[in-house]
Protein chains: 2
Amino acid sequence: MDFSSAEENYLKAIYHLSEQQKEEVSTNSIADELQTKPASVSDMLKKLAAKKVINYVKYKGVTLTDKGRSVALLIVRKHRLWEVFLVEKLKFNWDEVHEVAEQLEHIKSRSMIERLDMFLGFPKFDPHGDPIPDKNGNIAVLTAKPLAEGITGNSYKVVSVSDSDAALLQYLDKVGISIGTVLQITDKIVYDSSIEINIDNQNRQQLVSKMVSENILVVDI
Amino acid sequence: MDFSSAEENYLKAIYHLSEQQKEEVSTNSIADELQTKPASVSDMLKKLAAKKVINYVKYKGVTLTDKGRSVALLIVRKHRLWEVFLVEKLKFNWDEVHEVAEQLEHIKSRSMIERLDMFLGFPKFDPHGDPIPDKNGNIAVLTAKPLAEGITGNSYKVVSVSDSDAALLQYLDKVGISIGTVLQITDKIVYDSSIEINIDNQNRQQLVSKMVSENILVVDI
DNA sequence: GTCTAATTTTAAGGAAAACAAATTTAGTTT
DNA sequence: AAACTAAATTTGTTTTCCTTAAAATTAGAC
C-alpha cells in the first residue's frame, strides 16, 4: 500500500499526538499540529479510515491501527535517521535539520533507508535525543521527564529536547545546553515557575523559563 | 521563485531534450520524455512561460530562458550529486540509483546541497559519467560520441552511459563495461548495425547491438 | 496550391488536498 | 430535559496536475 506525503504527515501527526496523551486524538489537535484546518482533517480521516490505518469514529476521535502505527514509525525512523545524517555527516547544527528532514522523510526506498542506517552505524538516537525506531518498528521508550518536574538540589542529565522548534534549539545552544549536558536545579521560582540551574557544574547560574523547562527532557543521575 | 516538483521535472526534461537536439523542443517529445500526454504539456508550458523560464511560441516549440536553464541545471546538479552519494557512500549499484535520485533531486535546501557537495569531495562526474554542474551552473561539455560512431580497429574509453535505463546498466555490468573501460572495435556488422568489440584487451570478443552502441559514450584514446 | 496527416492546443472534467461557511453532534450547564 | 457551546463534519470552491475528446494549426504529399 502506498501513501502520499500528505497521508504520511497525518499519520505521523496522529502518532506524535497519541504519544503525548494516551487517548483518542481529536480533529482539532491534528489540524493544529499540521497547521491546517479541521475541515481538511475530517476529509483526510475518512480516507485514512478507508485505508485501514486509523480507527475513526465520527465526532469521537482517532487512534492508529497496527498497520497505521507501523507506517508512522517508518516515517519517524526515516526522519530521525536523516537528521543524524545531516548533523553527523553534513555538519548541520541541530536547529537547522528539522525542516529538511521533513522533506527527506517522504523519500520512498526501503533499501535506501536500511543502507543509510548502516552507513550511519545504526544510531539509536537522533541529534535531539529522540529514539530511532528500528526496521521492525521497535522503539526505545523514553523514561525521561521534563526538567520542570525536577527537584531543587538534584542533578539531571539532558536526554532529549523538542526537535521542531529551531528557536528553542538556538537558545539552548547559546546557554550551553545540549544532549548529555548535566544540569543541577539550584532554585525553583514559585512566582513564574521559572527554574534556576547550574550547567555542567560551571560556576554560574542560569535562569530558564517555565516553557523552556517543560521542553527539556532529563533523567536522574 | 519557487517551483513544484512537476514544474521542475518539465524544466529538466526540456533541458535534456535541448541538449540532444540543438533546436526548439516539441510538445510531443516532452510528453514522451515525461510519460504524460501532450495536452498536459501544453497546459504546463503556459504556466512555465508565465514564470519566464521558457520561451514558448504556440505550435512552434520551446527553449529555456537563462533563468530556466539555471533552474534546470540546479536540478541536474542535485540529481547527480545524490547519485554519487548513493553509489559512493551507500554502496548502491549504478543501475539502482536513478529512481531514488529522481525523488531526492526535489528536496529544497540550498545549503544542504552545498554541504553534500563538500561531503562528497566536489565530484565532477556522477557514477554514469555525466558531468555535475557546479553551484553557478557551469557544466563540463562532453566531447564524447556514441560508440556506434566509432571506427573498426580503433580503441575508445567509455566516459558515460545513459543513467535512466536500469536494464542497460545491468547488461553492461554483466558484460564487464563500466566508466573507464577500454573498448576496441573489432568489427562492425553492416546487416543489423551491431558492433563487435574487445573489452579491456581481454582475449574475448563481445557483440553489442545497435541500440546498446548508441547509448555508450566514448572518447578516442 | 490544395488536401491530408500529424502535431498541438483548447475544452471539459477528474483526483488530491486545501479552505470558508454552514450544519450537525457531543457534552455541559441549567 | 432543554438549551447552549465547542468541536467536528458537510458542502461547495479553489488549485495543481493529469486525462480524454474535439478543434485548430502546421507541414508534407500530390
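Chain letters run A, B, ... following the sequence lines, proteins first and then strands; every chain starts at 1.
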Checklist entry - Checking all strands, does A:Ala6 fall into the base, sugar-phosphate, or nothing category for heavy-atom contacts under 4.0 angstrom? => result sugar-phosphate

Within less than 4.0 Å of OP1 or OP2 of [N], is there a side-chain N or O belonging to [X]?
X	N	answer
A:Tyr59	D:dT10	no
B:Tyr10	D:dT16	no
B:Thr36	D:dT19	yes
B:Lys58	C:dT10	yes
B:Lys37	C:dT7	no
A:Ser40	C:dC19	yes

Checklist entry - With a distance cut-off below 6.0 Å to the six-membered ring centre and an angular limit of 45° from the axis, does A:Arg115 pair with B:Phe92 as a cation-pi contact? => result yes

Checklist entry - Is the distance between the ring centroids of A:His98 and A:His128 less than 6.0 Å? => result no

Item to check | Output field: ring centroids B:Phe85/A:Phe85 closer than 6.0 Å | outcome: yes

Send over the distance from [X] [atom1] to [N] [atom2], rounded to a whole Å.
X	N	atom1	atom2	answer
B:Met44	D:dC18	CE	C1'	10 Å
B:Gln35	D:dT19	CD	C1'	15 Å
A:Ile30	C:dA18	CD1	P	12 Å
A:Glu24	C:dA26	CD	P	14 Å
B:Phe3	D:dT16	CZ	P	14 Å
B:Lys60	D:dT26	NZ	C1'	8 Å
B:Leu34	D:dC18	CG	P	8 Å

Considering only [options], which nucleotide approaches the side chain of [X] most closely?
X	options	answer
B:Ala39	D:dC18, C:dA26, C:dT10	C:dT10
B:Asn28	C:dT8, C:dA20, D:dA8	C:dT8
B:Asp43	C:dT8, D:dT19, D:dT9	D:dT19

